[in-house]
2 protein chains.
Amino acid sequence: MDKRRSAKSARSAVEPRQGAQAIRRALAVLRILAAGREDGVPLAEVVRATGLTRPTVHRIVHVLIEEGIVERHGRSGRYAIGNQVPELALARPRPSRLQIAANPSLQRASTEIGDTLFLTVRTGNDTLCVDRRIGIYPIQVLSIEIGARRPLGVSSAGVAILAAMPAPEARKIVAANEKRFEAYRTDVATVLGEVTAARRLGYGMREIGLVQGTKSISTWIKTPDGQPAAAMTVSAVRTRLGPRREQEVAEILLREARIIEQAIGG
Amino acid sequence: MDKRRSAKSARSAVEPRQGAQAIRRALAVLRILAAGREDGVPLAEVVRATGLTRPTVHRIVHVLIEEGIVERHGRSGRYAIGNQVPELALARPRPSRLQIAANPSLQRASTEIGDTLFLTVRTGNDTLCVDRRIGIYPIQVLSIEIGARRPLGVSSAGVAILAAMPAPEARKIVAANEKRFEAYRTDVATVLGEVTAARRLGYGMREIGLVQGTKSISTWIKTPDGQPAAAMTVSAVRTRLGPRREQEVAEILLREARIIEQAIGG
DNA sequence: GTCTCTTGTCCATAATATGGACAAGAACGC
DNA sequence: GCGTTCTTGTCCATATTATGGACAAGAGAC
């Protein structure tokens, strides 16, 4: 009963609405499955990433299959986002306002820089790649595709977005992602260090990108209320991004980020 | 305990997995919200359409808002599908296999017929328009857009899809949609009559389309296992679809439907 | 002002979702 | 073949959770 009281008073402060544990859990499962893209995710991995018990995850996943929200792949037995999710998504206008606003900037920066450009948004505790432009140089980093979803903090885009938010909030998100960092061979301390460095620099950077031998630079894009909503990233083979060129590229990205902020602000 | 037993034995027959009422209810709410598209749906309407109580719907909807799955529109207070749904949808390859398979047929039939063509899929108890081709004639029926979602049975596409499934299953779906038919000024008896007529004709037809003064013709497309998965529809002002032309158009649609079935079958 | 519509909240209670424990299947080694 | 170590799937007593009747508070209409 004390618990009830404290939950009640806390609600007005932040927002933990009670009476829907199961729904929240189902959504947590869906977000993990989304990170698995077309290939899906094995049950055990979902259990690990969500911290739920196996019977619970099993039950949730199978109900979602019955409902058409999740699919199971024949041979591998992995679970993936189902057909009905894009069907629900059709209810919304596509592309999003952000994508429309960012389009000219991506175009401009892409021709100017020549390497691959990404537009990445924040969604919950993840980053999600929503747009990509391939540059004109013969060697391009193509491994990150539209739809790629990662824990905030493991990519330069994630670091940039974390750097753009208040430090306590960033720390909370990083802590929440702790379990998922292992799969990317990083940890809370490393990520927080990169975030601090990005704040000092004014942009996110990873000398060692997620793909071997690549380097990435990301600037953040804030919504009018000051919350970071997205990041703009350039990825290239490391040798193409020495200190001098890093400076050049960062300046272009910073310029375009400000333009996009204007576009979504008006 | 008797209940448990019977539920258990029934499960092996059909599939009502227990322990996830809340999740199923949340999904039912989402599907109703999806029908409201960008404008959204007022709470009372969701209550009516789902048959749930108002406190329950209210709780579900607000938890989904906190999770980013649902949005609320400022002025109207209506609830709509949120940003995070298309974000989850990015986990899947787009466009779908059906759309790829149907593309050449839509192209061909569109130029041949000249009126607006729709590709509509079945999703649960709804029809959902997933593709549209505008014809070359100056008067076109454009009111049905990609993403439009309706109870199975109220459009000619829905009638066609119902006609293509076993009668008992069709009847079950129509019964389940009863409450939602009112908003479209139709009822169970009328719909079942149209379905029977469509079975006799070989295609679905509505002399009075959803839009005043229009007429629609739809053929069904079945998956290899015999289940109808989609419908192909032509809509035009009624005067352009007299008996002779109806025959012509139906033949083209039937021909293309068979081609699409081949494409998804192989 | 009152009436009628909507949306929002409370809380005792019934019903639901939970997870420990166990089982069964798959993949590998020897 | 048989043990070992993975994985996934199931059961069911239980406590936690979600439920909905009842009440309240806005927002319009007139």
Side-chain angles (χ1 to χ4, degrees), chain A residues 1-12 15-29 32-33 36 39-67 70-80, chain B residues 1-12 15-29 32-33 36 39-67 70-80:
Chain A
M1 297 150 194
D2 292 339
K3 248 192 188 171
R4 272 287 207 82
R5 267 278 184 78
S6 59
K8 188 179 161 189
S9 51
R11 187 192 316 163
S12 51
E15 57 193 298
R17 202 170 285 255
Q18 64 174 222
Q21 192 194 55
I23 295 170
R24 278 190 216 277
R25 286 177 167 188
L27 292 172
V29 167
I32 297 302
L33 294 185
D39 293 340
V41 179
L43 191 70
E45 173 60 28
V46 181
V47 170
R48 232 168 286 139
T50 58
L52 300 170
T53 64
R54 206 162 34 68
T56 298
V57 173
H58 182 266
R59 185 166 13 88
I60 288 171
V61 154
H62 280 264
V63 169
L64 292 175
I65 288 173
E66 282 177 22
E67 295 285 336
V70 166
E71 278 174 14
R72 188 159 197 198
H73 290 191
R75 209 59 276 41
S76 67
R78 282 160 165 251
Y79 299 94
Chain B
M1 297 154 193
D2 290 338
K3 246 191 190 172
R4 272 287 205 84
R5 267 276 185 79
S6 59
K8 190 179 164 187
S9 51
R11 188 191 315 166
S12 51
E15 57 191 298
R17 200 171 285 257
Q18 63 174 223
Q21 190 194 55
I23 295 171
R24 279 190 216 278
R25 287 178 166 186
L27 292 173
V29 167
I32 297 301
L33 294 185
D39 293 341
V41 179
L43 190 70
E45 174 61 27
V46 181
V47 171
R48 231 169 285 139
T50 57
L52 300 170
T53 63
R54 206 160 37 66
T56 297
V57 173
H58 181 267
R59 186 166 11 87
I60 288 171
V61 154
H62 280 264
V63 169
L64 293 175
I65 287 174
E66 280 177 22
E67 294 285 335
V70 167
E71 278 175 11
R72 188 160 196 200
H73 290 189
R75 229 336 60 320
S76 67
R78 283 161 164 250
Y79 299 93

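Lettering of chains follows the sequences in order, A, B, ..., and the numbering in each one begins at 1.
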Provide, to the nearest angstrom, the distance between the NE2 atom belonging to B/H62 and the P atom belonging to D/dA18.
17 Å
What is the distance, to the nearest angstrom, from the CZ atom on B/R78 to the P atom on C/dG8?
14 Å
Report yes if at least one side-chain N or O of A/R25 is closer than 4.0 Å to OP1 or OP2 of C/dT18; otherwise report no.
yes
B/R59 side, atom CZ; B/T53 side, atom OG1 - distance, nearest 0.5 Å:
7.0 Å
Is the distance from OP1 or OP2 of C/dA17 to the nearest side-chain N or O of A/R59 less than 4.0 Å?
no
Measure from CD1 on B/I23 to C1' on D/dT19 and round the result to the nearest Å.
16 Å
The residue, A/L43 or A/Q21, whose nearest nucleotide of DNA chain D is more 5′ is A/L43
Mind checking if A/R72 touches a base, just sugar-phosphate, or nothing, with heavy atoms under 4.0 Å?
sugar-phosphate
Let me know, please, whether A/A22 or A/R54 comes out on the 5' side of the other along DNA chain C by nearest nucleotide.
A/A22
Non-hydrogen side-chain atoms of A/R24 and B/V63 separated by less than 4.5 Å:
yes
Between B/H58 and C/dT7, is there a side-chain N or O to OP1/OP2 distance below 4.0 Å?
no
Has A/T53 got a side-chain N or O lying under 4.0 Å from the OP1 or OP2 atom of C/dT18?
no
Nearest-nucleotide comparison on DNA chain D, the residue closer to the 5′ end among A/P42 and B/T56
A/P42
Looking at B/E45 and B/R78, is any side-chain nitrogen of the basic one under 4.0 Å from a carboxylate oxygen of the acidic one?
no
Taking A/I23 as the fixed residue, which of B/I60, B/V29, B/L27 is the one that meets the side chain to side chain contact (heavy atoms under 4.5 Å, CB included) rule?
B/I60
Mind calculating the distance between CG (B/L52) and C1' (D/dA18) to the nearest angstrom?
12 Å
Can the ring centres of A/H62 and A/Y79 be said to be less than 6.0 Å apart?
yes
Between P on D/dG9 and CD on A/E66, what's the gap in Å once rounded to a whole number?
13 Å
To the nearest Å, give me how far apart CD1 (A/I60) and P (C/dT16) are.
17 Å
Can you find a side chain N or O atom of A/Y79 that sits less than 4.0 Å from OP1 or OP2 on D/dT7?
no
